[in-house]
Number of protein chains: 2
Amino acid sequence: MEIPGVVIARLPLYAQALEALAQKGEEVVSSQRLGEALGITPAQIRKDLSYFGRFGKQGRGYNVAGLLGSIRQILGLDRQWRMALVGVGRLGRAILSYEGFAPQGFHIVHAFDVDPEVVGRKFESLVVRHVRELEETLAQEPVDIGVVAVPPEAAQEVIDRLVRAGVRAILNYAPMTPRVPPGVQVRRIDPVVLLETMTYYLKGQEGVRFLQGRDPLFLR
Amino acid sequence: MEIPGVVIARLPLYAQALEALAQKGEEVVSSQRLGEALGITPAQIRKDLSYFGRFGKQGRGYNVAGLLGSIRQILGLDRQWRMALVGVGRLGRAILSYEGFAPQGFHIVHAFDVDPEVVGRKFESLVVRHVRELEETLAQEPVDIGVVAVPPEAAQEVIDRLVRAGVRAILNYAPMTPRVPPGVQVRRIDPVVLLETMTYYLKGQEGVRFLQGRDPLFLR
DNA sequence: ATCTGTGAAGCACTTCACAGCG
DNA sequence: CGCTGTGAAGTGCTTCACAGAT
C-alpha cells in the first residue's frame with residue numbers, strides 16, 4: 001500500500017508531541033488528547049496510524065512510549081544518519097553548531113566550502129574541505145543526506161554534484177527551487193518564504209482573515 | 001472569494017522564481033516555463049493566479065516584472081514588516097545576522113532574552129532587552145511578527161505573551177507545536193522534522209520509493 | 001500558432017459514524 | 001463505557017480540455 005506523503009509529513013509531529021508527553025511522565029494518550037496538542041482532529045490521527053498497523057487499545061488509547069517507538073521505526077529513526085554540509089558561511093556554521101540534530105540521530109560528518117578563508121579551518125571538530133573534493137570524499141565515506149547552505153546561484157550545481165555522488169536526500173537552506181531527478185527527496189528551509197505566507201493574512205489591517213481550507217502542512 | 005491556503009503558500013515560490021528570471025533579464029514567461037522551474041504544473045499556476053486576476057497575455061505569457069509586482073502586492077510585500085525576536089542564544093544570533101530578511105522588507109526591531117549574560121549586550125546594533133520588558137516595549141513600538149528562538153519548554157509561554165501583546169504572526173524555530181487563538185498565524189522552522197520526513201523514503205535501502213500523492217507543500 | 005483563463009471532471013485527503021473490543 | 005480502527009461519505013484541491021485572445 002502506498003502511503004500519502006502528507007501522512008508521512010505528520011508522523012514527525014506525532015513523534016515530537018509524544019516525546020513531550022513521555023518527558024512529562026504520561027504513559028497513555030488518546031487520539032483526542034494528542035490531537036488537541038497538535039491541532040489535528042482525532043480521526044485524522046487514527047486514520048494516519050491505521051496505515052501502518054494497530055497501535056492502540058480500545059477504551060484506553062495509545063501507550064506513549066510504544067507508539068513513539070513504532071513511529072520512530074516507521075520513519076527510520078532507529079538508526080543513525082550521516083550528512084554532508086556544503087557551505088560553511090555564517091549560516092553553515094550555525095547549522096554545524098546546532099545541537100538539535102544529534103539527539104535525533106543526524107550527524108554532519110563532512111563540511112565543504114570554496115572560500116580559501118574557510119577551507120582547512122576547523123568548526124565543531126570538523127575540518128572544512130574544498131568542494132572539489134566532494135565526490136572523492138563521499139565515495140570513501142558516503143552520507144545519506146546533503147545539507148546545502150550556499151548562495152542560491154551556487155545551489156543547483158552543488159545539489160547536482162551531491163546527487164551524482166549518490167545522495168538521495170537534500171535539506172536545502174538556499175532560497176531557490178532546485179531541479180532533482182525523481183526519487184531524490186528535497187526539503188526547503190526558507191524563513192522568508194514562510195514569512196511571506198503570513199503577511200498575506202496580516203495585510204488585511206486588523207482584518208479578520210483566517211487561513212482557509214485544509215491546513216497546508218506548515219501546520220504550526 | 002476565499003482563497004485556499006495552499007495557493008497562498010505557493011505565491012512566495014512564484015515570486016522567488018520570478019525574481020531569478022528578472023535577474024537573468026527575462027521579460028516574459030509562460031506558465032509552462034515557470035512550472036518547469038518550480039516543479040509545478042502549468043495548469044496549477046494559471047489556476048492559482050486566476051484567483052487574483054488576469055495577469056497574462058494570451059499567446060505570449062506573463063510579464064515577469066509585472067507579475068512579480070502583482071504577487072508582491074497580493075502578499076503584502078509592498079511594505080515593510082517589523083519583527084521581534086525572542087531568544088538570543090546561538091540560534092537567535094544566527095537569525096539576527098541573517099541578511100535575507102531585510103531585502104524582502106522584514107526587519108527585526110527588538111530582541112529579548114532572559115539570560116543575564118545576554119541582556120544588555122548588543123548584536124547587530126540591537127540591544128537585547130529582558131523578556132520582562134516585552135509587553136511594555138511592544139506597547140510603545142509594536143511589531144507585526146514574533147520570531148521565537150527559545151528552548152521548547154519556554155516557547156508556549158513566550159508565544160502566549162507575544163499574542164497577548166497583539167502579535168498576530170509567529171515564526172517558530174522551537175521544536176514544538178504551540179497553541180494559539182484562531183486568527184494568529186504560526187509557521188514552523190524545524191529542520192529535524194523535515195529530515196525525519198525524508199528518512200522514511202530513504203530507509204527502503206536503495207529501495208525505489210517515491211513521494212506519493214499530492215506534493216505536501218514543503219515542495220522542494 | 002501559442003498561451004491564458006476557467007468550468008467541469010477527477011482525484012486525494014479528511015471527516016464521519018459506528019462496529020467492535022478492552 | 002470509552003476509545004480505536006475503518007469503510008463510506010464528504011470536501012477541496014488539482015488537472016483537464018477548450019474557448020478565446022493576440
Side-chain angles (χ1 to χ4, degrees), chain A residues 1-11 13-14 18 21 26-64 66-67 70-71 74 197 210-219, chain B residues 1-11 13-14 18 21 26-64 66-67 70-71 74 197 210-219:
Chain A
M1 181 193 15
E2 281 304 354
I3 289 139
V6 69
V7 171
I8 304 303
R10 278 190 295 264
L11 294 183
L13 306 184
Y14 299 164
L18 288 166
L21 289 170
E26 306 280 337
E27 297 191 345
V28 181
V29 69
S30 63
S31 59
Q32 174 76 45
R33 260 178 43 68
L34 189 56
E36 283 164 10
L38 289 166
I40 293 177
T41 65
Q44 179 84 82
I45 292 174
R46 294 200 302 277
K47 179 61 109 181
D48 283 355
L49 296 177
S50 76
Y51 283 102
F52 303 98
R54 312 171 54 141
F55 304 103
K57 275 203 166 55
Q58 283 153 324
R60 252 175 84 71
Y62 302 87
N63 177 289
V64 170
L67 181 55
S70 298
I71 290 176
I74 292 164
T197 68
F210 286 57
L211 223 171
Q212 285 312 304
R214 198 166 297 163
D215 221 345
L217 230 249
F218 33 61
L219 285 146
Chain B
M1 181 191 16
E2 281 304 356
I3 288 137
V6 70
V7 171
I8 304 303
R10 277 190 295 263
L11 293 184
L13 306 184
Y14 299 164
L18 289 166
L21 289 170
E26 306 280 339
E27 295 190 348
V28 181
V29 68
S30 64
S31 59
Q32 174 76 45
R33 260 178 42 69
L34 188 56
E36 283 164 9
L38 288 166
I40 292 177
T41 64
Q44 180 83 83
I45 291 174
R46 293 200 303 276
K47 179 61 112 180
D48 284 354
L49 296 178
S50 76
Y51 282 102
F52 303 100
R54 312 169 56 138
F55 304 103
K57 276 203 166 54
Q58 283 155 324
R60 251 176 85 70
Y62 302 87
N63 177 288
V64 171
L67 181 56
S70 298
I71 290 176
I74 291 163
T197 68
F210 286 59
L211 223 170
Q212 285 311 304
R214 198 166 298 164
D215 222 345
L217 231 248
F218 31 63
L219 285 147

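Distance A:Ile3 CD1 to C:dA12 P: 15 Å, rounded to the nearest Å. For the pair B:Asp48 CG and D:dG12 C1', the interatomic distance rounds to 13 Å; values are reported in whole Å. We find that CD1 of A:Ile45 is positioned 15 Å from C1' of C:dC13, with the value rounded to whole Å. Here C:dG5 presents its P atom at 12 Å from NZ of B:Lys47, a figure rounded to the nearest Å. Between the CG atom of B:Leu49 and the C1' atom of C:dC3 there is a distance of 13 Å, rounded to whole Å. Between the CD atom of A:Gln32 and the P atom of D:dG2 there is a distance of 12 Å, rounded to whole Å. B:Tyr51 places its OH atom 11 Å from the P atom of D:dG12, with the value rounded to the nearest Å. Going from atom CD of B:Glu36 over to atom P of C:dC3 covers 11 Å, rounded to whole Å.
Taking 3.5 Å as the limit, the base of D:dG2 and the side chain of A:Lys57 contain no donor-acceptor pair of atoms between them.
Across C:dT14, C:dT6, D:dG2, the shortest atom-to-atom separation from the side chain of B:Ser50 is found for C:dT6. When distances run from any side-chain atom of A:Pro4 to the nucleotides C:dC21, D:dG5, C:dC13, the shortest one goes to C:dC13. Among the nucleotides C:dT4, D:dT15, D:dT6, the one closest to the side chain of B:Thr41 is D:dT15. Counting only heavy atoms from C-beta on, A:Gln44 has its side chain closest to C:dT15 among D:dT4, D:dT14, C:dT15. Closest contact between the side chain of A:Arg10 and the listed nucleotides C:dT14, D:dC3, C:dT15 involves C:dT14. Of the candidate nucleotides D:dT4, C:dG5, C:dT4, D:dT4 has the atom lying nearest to any side-chain atom of A:Tyr62. Side-chain proximity of A:Arg54 to C:dG5, C:dT4, D:dT6: nearest is D:dT6. Ranking D:dA21, C:dG7, C:dT15 by closeness to the B:Gln58 side chain, first place goes to D:dA21. In the set D:dG5, D:dC16, D:dT14, the nucleotide with an atom closest to the side chain of B:Ala43 is D:dC16.
Between B:Leu49 and B:Tyr62, the closest side-chain pair of non-hydrogen atoms falls below 4.5 Å. Using a 4.5 Å heavy-atom threshold, the side chains of B:Tyr14 and B:Leu67 count as separate. No side-chain heavy atom of B:Leu38 sits under 4.5 Å from any side-chain heavy atom of B:Arg10. Side-chain atoms of A:Phe52 and A:Val7, non-hydrogen and from C-beta on, do get closer than 4.5 Å to each other.
Contact annotation for A:Arg46: base contact, defined as any heavy-atom pair under 4.0 Å involving a base atom.
Here the closest heavy-atom approach between residue A:Ile45 and residue A:Leu34 is recorded as CD1-C, 3.9 Å.
When the side-chain nitrogen and oxygen atoms of A:Ser31 are compared with OP1 and OP2 of D:dC3, none of them lie within a distance under 4.0 Å.
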